[in-house]
*Asks:* 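Quick one: this structure, given as structure tokens, is what I'll be asking you about.
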Amino acid sequence: MKSDHQLVIYNSLSGKKENFVPLHEDHVGMYVCGPTLYSEPHMGNMRTFINFDFIYRCLLYLGYKVKYVRNITDAGHITNSAGQEVDSIGSAARSAQVQSLEIVYTYNVKFQELQRVYNLLPPSIEPTATAHIQEQIEVIEQIIENGFAYVVNGSVYFDVKTYMQQHNYGALSGRKVDELEQETRTLNAQDEKRFFADFALWKKANPEDMQVWRSPWGNGNPGWHIECTAMSTKYLGKQFDIHGGGLDLKFPHHEDEIAQNCGSFGCNPARYWMHANMLNVNGQKMSKSFGNYFLPKEIVDGTSNLFTKSFPAAVVRFFMLQAHYRSTLDITEEALNASEKGFERLMEGLSLLEKLAPSSTSSFEVAKILSAAEAAICDDFNAPILIASLFDAVKYIHAINEGKEQLTQEDLLWFNQAMHAFVQEVLGIEPSKKEENQRLSGVMDMVITLRQQAREQKDWTTSDMIRDGLAKAGIQIKDSKDGTSWS
RNA sequence: GGUCUCGUGGCCGAGCGGCUAGGCACCGGUCUGCAAAACCGUAUACUCCGGUUCGAAUCCGGACGAGACCUCCA
């Protein structure tokens with residue numbers, strides 16, 4: 001680690017901020033639960049991926065060699081509200097009259113495109129569940145061998161009661177099984193489980209299933225939680241550093257992952273569990289079932305009916321990073337507009353920084369500003385504080401520009417490099433690319449020259465006519481000491 | 001119903017025992033032919049009621065309100 005600050009991470013397992021000590025010096029293994037591709041990920045899903053992308057970037061910035069694994073769920077049975085096992089991908093496929101893999105492929109292409117649009121760094125590897133059926137079967141066999149699972153009628157269930165004799169089921173979520181029992185609604189009669197809290201590791205195939213795999217227990221599908229255990233083990237080992245995911249996966253998904261890992265390998269898979277909080281709309285979690293969701297593409301296209309205008313992906317990303325990953329964030333048009341203005345201020349500060357003239361001495365310490373930014377990163381990846389420190393830097397940039405502060409050539413260069421590192425590498429914000437139309441800018445140069453001539457002759461009627469006419473065409477004129485620009 | 005989290009100025013959102021968070025909006029100023037833009041600056045806050053403390057937005061208890069999980073979810 002190259003920073004002077006000690007990296008501290010809030011560990012969901014302990015509920016406290018802890019000093020981060022990787023298992024292998026300078027290396028970090030990180031696993032994050034990715035999307036289930038039975039539909040297009042919505043903006044709330046993206047928030048989690050953006051947050052972990054930021055965390056990944058922070059770790060890289062701090063000099064760690066990071067192996068970042070984020071899975072893609074393209075198979076598996078999950079349990080619905082009635083306690084029945086449901087194949088959500090299969091049902092999406094059936095309603096669209098296509099093959100399951102077609103559904104998965106379609107949404108995966110869209111997901112990959114979204115990652116580019118929102119400037120997410122590609123993980124080191126994005127393994128899929130369907131490509132790791134054999135590994136999943138092997139983990140299940142190990143759990144059975146250890147006595148923590150049983151086979152019933154072609155299905156395999158995790159034996160929570162036996163597991164509890166040696167391990168703590170509820171270590172992560174803090175749930176007590178006897179409390180859970182009272183909370184849980186009546187199970188349906190056909191349930192094969194021995195105990196209400198048992199969960200499926202392998203589920204016998206239904207006649208209508210589109211995807212079926214062979215296993216020692218007959219044809220079937222893997223349970224929802226087992227893929228993460230199998231793939232994290234394969235790529236990161238039985239125990240690794242960080243496991244992340246959305247807060248809503250804490251229970252039962254992550255709790256069951258811990259049980260599976262302990263049940264097969266005798267250890268918690270991760271030393272640090274991190275949970276990203278939800279994106280809210282009108283104070284409520286964005287969710288498919290609530291219907292209060294929009295797609296990441298819609299906000300960029302301006303086709304979401306929640307907003308009257310479009311926002312660039314970089315602005316949306318910036319908006320999201322102005323909140324800490326462990327807090328809920330309310331998305332509104334007003335808040336997005338505020339972020340857009342702030343975003344532009346930061347970007348303009350950055351481009352001004354490149355044009356500043358050096359002085360023979362420096363009147364303030366660049367190191368102090370950069371240290372504040374690094375401290376924010378190291379304090380549980382505090383993006384909003386990092387951004388605040390960058391705005392502080394922008395104030396200095398303007399002060400230099402106005403001659404109130406000075407930096408030497410060397411300090412200026414350092415300042416410039418560091419600012420770009422924080423903005424582009426760490427926050428993952430690229431300066432908005434001006435799609436300058438060559439022909440238009442030629443015309444604009446001429447129009448601005450004509451207006452300038454009119455102004456010099458104090459022909460305000462003509463100059464205002466040009467200004468108002470351009471405004472009608474959606475082009476805004478900005479006069480400043482150094483001349484006139486437009487946007 | 002059970003478990004847990006949260007309630008910060010007009011809005012979003014940090015902080016989590018003593019020190020201006022930040023952004024946007026507002027207001028004032030600089031600049032400008034005017035305006036816009038840009039820049040500078042001031043002001044405004046910690047749901048309520050108790051308690052602990054020299055000192056609490058920050059810790060503890062209670063009330064009210066909101067949300068999450070307990071069922072698929074990032």
Side-chain angles (χ1 to χ4, degrees), chain A residues 15 32-36 38-39 41-52 73 77-86 88 170 173-176 179-185 224 244-253 255 275-280 283-290 293 318-319 322-324 326-346 348 352 372 376 379 382-392 394-395 398-399 401-402 404 455 458-460 463-464 467-468 471 476-482 484-487:
Chain A
V32 172
C33 291
T36 303
Y38 65 101
S39 65
H42 63 233
M43 205 63 235
N45 299 305
M46 281 306 288
R47 184 187 176 203
T48 297
F49 302 138
I50 288 169
N51 274 139
F52 280 104
T73 298
H77 272 201
I78 46 197
T79 311
N80 74 0
S81 53
Q84 294 163 326
E85 301 289 326
V86 164
S88 52
S173 62
R175 292 183 183 278
K176 308 265 185 294
E179 282 170 2
L180 272 173
E181 186 158 26
Q182 292 163 359
E183 297 154 18
T184 305
R185 290 153 210 169
W224 175 38
L247 189 59
D248 51 357
L249 295 182
K250 197 172 183 182
F251 189 88
H253 182 58
E255 195 67 65
H275 290 96
N277 217 136
M278 303 290 103
L279 181 67
N280 284 183
Q284 198 180 35
K285 172 184 167 181
M286 180 177 286
S287 147
K288 250 201 130 182
S289 45
F290 292 152
Y293 69 99
F318 181 71
F319 163 73
Q322 279 187 294
H324 188 86
R326 279 193 287 119
S327 300
T328 54
L329 170 63
D330 240 281
I331 190 164
T332 60
E333 180 152 354
E334 196 182 358
L336 279 165
N337 277 326
S339 279
E340 185 165 38
K341 288 278 185 82
F343 173 87
E344 282 161 7
R345 182 173 148 80
L346 182 59
E348 277 163 23
L352 181 59
D379 183 13
N382 199 321
I385 294 287
L386 168 63
I387 290 171
S389 73
L390 298 182
F391 277 115
D392 199 37
V394 169
K395 274 204 177 17
H398 288 299
N401 190 43
E402 285 160 24
K404 291 174 190 161
R455 292 179 73 202
K458 298 198 193 293
D459 178 2
W460 310 128
S463 87
D464 289 355
R467 185 172 71 196
D468 298 345
Q476 196 188 32
I477 289 282
K478 296 177 187 174
D479 294 325
S480 75
K481 279 175 253 173
D482 311 322
T484 301
S485 63
W486 59 277
S487 63

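Remember, it's a predicted structure, so these values are computed and weren't measured experimentally. Chain naming here is simple, since letters A, B, ... match the order of the sequence lines and numbering starts at 1 in each.
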*Asks:* Would W460(A) pass as stacked on G33(B), i.e. its ring centre under 5.5 Å from the base's six-membered ring centre and planes under 30° apart?
*Replies:* yes
*Asks:* C39(B) P sits how many Å from F391(A) CZ, rounded?
*Replies:* 10 Å
*Asks:* Give one of base, sugar-phosphate or nothing for E402(A), where a contact means two heavy atoms less than 4.0 Å apart.
*Replies:* sugar-phosphate
*Asks:* Do the non-hydrogen side-chain atoms of F391(A) and R345(A) ever get within less than 4.5 Å of each other?
*Replies:* yes
*Asks:* Using atom P of each nucleotide, how far apart are C48(B) and G65(B) to the nearest Å?
*Replies:* 16 Å
*Asks:* Once you apply a heavy-atom cut-off of 4.0 Å, does K288(A) come out as touching a base, just sugar-phosphate, or nothing?
*Replies:* nothing
*Asks:* For the side chain of Q476(A), starting at C-beta, report the closest nucleotide among A36(B), A68(B), A14(B).
*Replies:* A36(B)
*Asks:* Could you check whether M286(A) gets within reach of a base, just the sugar-phosphate, or nothing at all, counting any heavy atom under 4.0 Å?
*Replies:* base
*Asks:* So A338(A), base contact, sugar-phosphate only, or nothing? Heavy-atom distance under 4.0 Å.
*Replies:* base
*Asks:* When the P atoms of G41(B) and C6(B) are considered, how many whole Å apart are they?
*Replies:* 34 Å
*Asks:* Just call it for F290(A): base, sugar-phosphate, or nothing, with non-hydrogen atoms closer than 4.0 Å on any strand.
*Replies:* sugar-phosphate
*Asks:* Whether S327(A) contacts A14(B) is assessed here as follows: a side-chain N or O lying under 4.0 Å from the phosphate OP1 or OP2. Is that the case?
*Replies:* yes
*Asks:* Heavy-atom distance under 4.5 Å between the side chains of R326(A) and L247(A), does that happen here?
*Replies:* no
*Asks:* On the nucleotide A74(B), are OP1 or OP2 found under 4.0 Å from the side-chain N or O atoms that N277(A) carries?
*Replies:* no
*Asks:* With a 4.0 Å cut-off on N to O distance, would you call D464(A) and R467(A) a salt bridge?
*Replies:* yes
*Asks:* If a pair means Watson-Crick or G-U wobble with both distances below 3.5 Å, what does RNA chain B look like in dot-bracket form, with | marking bases paired to a different strand?
*Replies:* ((((((((.[[[)....(...]]]..((((.......)))).....[[[[[..)....]]]]])))))))....
*Asks:* Going by heavy atoms in the side chains, are L352(A) and H398(A) under 4.5 Å from each other?
*Replies:* yes
*Asks:* Does the side chain of T328(A) pick up a donor-acceptor pair with the side chain of N277(A) at under 3.5 Å?
*Replies:* no
*Asks:* Regarding G174(A), tell me which of base, sugar-phosphate or nothing describes its non-hydrogen contacts under 4.0 Å with the strands shown.
*Replies:* nothing
*Asks:* Any side-chain N or O of R345(A) under 4.0 Å from OP1/OP2 of A37(B)?
*Replies:* no
*Asks:* With a 4.0 Å cutoff (strictly under), does any side-chain N or O of H398(A) reach OP1 or OP2 of C39(B)?
*Replies:* yes
